[in-house]
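Inspection log for the structure reproduced underneath, given as structure tokens.
Each chain gets a letter, A, B and so on, in the order its sequence line appears, and its residues count up from 1.
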There are 2 protein chains.
Amino acid sequence: MTPILHEDPVSGNCYKIRLTAALTGQPIERVAYDIRKGETRTPAFLAGINPDGRIPVLQVGAEGAWRFLPESNAACWWLATGSALIPADRFMQAEVLRWMFWEQYSHEPNVATLRFWRRYVGECALSDAQRAAIPGKHAAGQAALALMDRHLTGRDWFVGDGPTLADLVLYAYTHLADEADFMLADYPAVQDWLARVAAMPGYVPMEA
Amino acid sequence: MTPILHEDPVSGNCYKIRLTAALTGQPIERVAYDIRKGETRTPAFLAGINPDGRIPVLQVGAEGAWRFLPESNAACWWLATGSALIPADRFMQAEVLRWMFWEQYSHEPNVATLRFWRRYVGECALSDAQRAAIPGKHAAGQAALALMDRHLTGRDWFVGDGPTLADLVLYAYTHLADEADFMLADYPAVQDWLARVAAMPGYVPMEA
């Protein structure tokens, strides 16, 4: 049956799954939750979808045998299995994962978290610990974007000569970096690469 | 040629690569750096090993065609490719990655960072922002260990009926959690699982 994406439409982690599904030609159903209203912390969500209370979760299988896959990049991997987005070559496959792990460790906690705090929480509503973390996250986000820009200088894609899952998962929050007070204009190679991803056949924007 | 691991021997992220190599029967050479002395930020390291200034990096290939793979979990994936540690089944493979991404996002930044701050930096040398982050990281680390304990209750391994790469990468910092002021005794299913990993044929301890 059609996989079901449990998501918050404003989350880049959810968008990357929709983008992977679109670019591999796989339909998915969508169920929306508002994380700011605690809709992923209800007893029903914790018992039935994800005991960790987080989205996205990709639900795959069929009635009576549904299975639930948390972690955005794991859901993208499941969708992209067997497609050209995951190279078969041993080293290239590991390189794709290298960038996917880097995205979750060095990019998302800075770029995505600052975007969420600034755009959806609001500086006044942040805790003291969150406010104290802003300068470090901003510097780390700038370092992440600069590293991407250096890597992409003279290269069209993150791994090899064509688009892979590494490009899609990095695209999701990078193309929203301005919303987190980063200046994408400072990273020209990143900007060119964003345009290449957006020109891929089957691409869908975040708002779709 | 034999892969070369650029590492800091006290890092759990480096240990998980040695553990994967040992359990898959692959010899690796080791080159040690002390991150506290800035040895991964020298011009030679940045130019030749990793422009991001981080370890671990796995160097694979041969003279004249060396390739460099940062990100601990990507290096483990490269080593485990073709072994039973990575299930061929589409959903199980994605589940292994689900736990590997979760490890880097929800476990390592809490358990490993607190261990590093407490054991290797020292509370007096922390910045104000780091000190402000301690309670949040401690609570998130406890939540991570509790989630592991719930998942392992009634299960021997994280995915399926046998050990996978998910178990190895989660083992690395979990078995050191006491050094970060967590109480492993509070998580009995985790403790039983730690013993199962340590009993795997070919297992090597961190100090080896």
Counting heavy-atom pairs under 4.5 angstrom with chain B, the leader among A:Arg90, A:Gln104, A:Glu71 is A:Arg90
Okay, A:Ser127 and chain B: the region with an atom under 4.5 Å from a heavy atom over there is neither
Original post:
Is the shortest heavy-atom distance from the side chain of B:Thr174 to the side chain of B:Val111 under 4.5 Å?
Top reply: no
Greatest number of non-hydrogen atom pairs under 4.5 angstrom with chain A, of B:Phe91, B:Tyr105, B:Trp99, falls to B:Phe91
Point to revise | Carboxylate-amine/guanidinium contact A:Arg30 A:Glu7, below 4.0 Å | key: yes
Max heavy-atom pairs within cutoff under 4.5 Å with chain B, candidates A:Leu97, A:Asp52, A:Leu58, goes to A:Leu97
So, A:Trp193 and A:Asp167: side-chain donor and acceptor under 3.5 Å apart, yes or no? yes
Applying a strict 4.5 Å limit to non-hydrogen atoms, the region of B:Arg131 in contact with chain A is neither
Highest number of heavy-atom pairs under 4.5 Å with chain A among B:Glu95, B:Arg67, B:Arg54, B:Gln93 belongs to B:Arg67
Scored by heavy-atom pairs under 4.5 Å with chain B, the best of A:Ala143, A:Pro70, A:Ser106 is A:Pro70
- Query: Quick one: are A:Met92 and A:Thr164 in side-chain contact, heavy atoms under 4.5 Å?
  - Reply: no
(message) One thing to verify: whether B:Glu103 and B:Arg98 come together as a salt bridge, which I'm taking to mean a side-chain N less than 4.0 angstrom from a carboxylate O.
(response) no
Ranked by heavy-atom pairs below 4.5 Å to chain A, first place among B:Asn73, B:Leu147, B:Thr81 goes to B:Asn73
Honestly, the part of B:Val60 sitting under 4.5 Å from a heavy atom of chain A is side chain
*Would a 4.5 Å heavy-atom cut-off, applied to side chains only, mark A:Ile55 and A:Phe45 as touching?*
yes
Bottom line for B:Trp77: the part with an atom under 4.5 Å from chain A's heavy atoms is side chain
### Message
When you compare the side chains of A:His107 and A:Tyr173, does any donor N or O come within less than 3.5 Å of an acceptor on the partner?
### Response
no
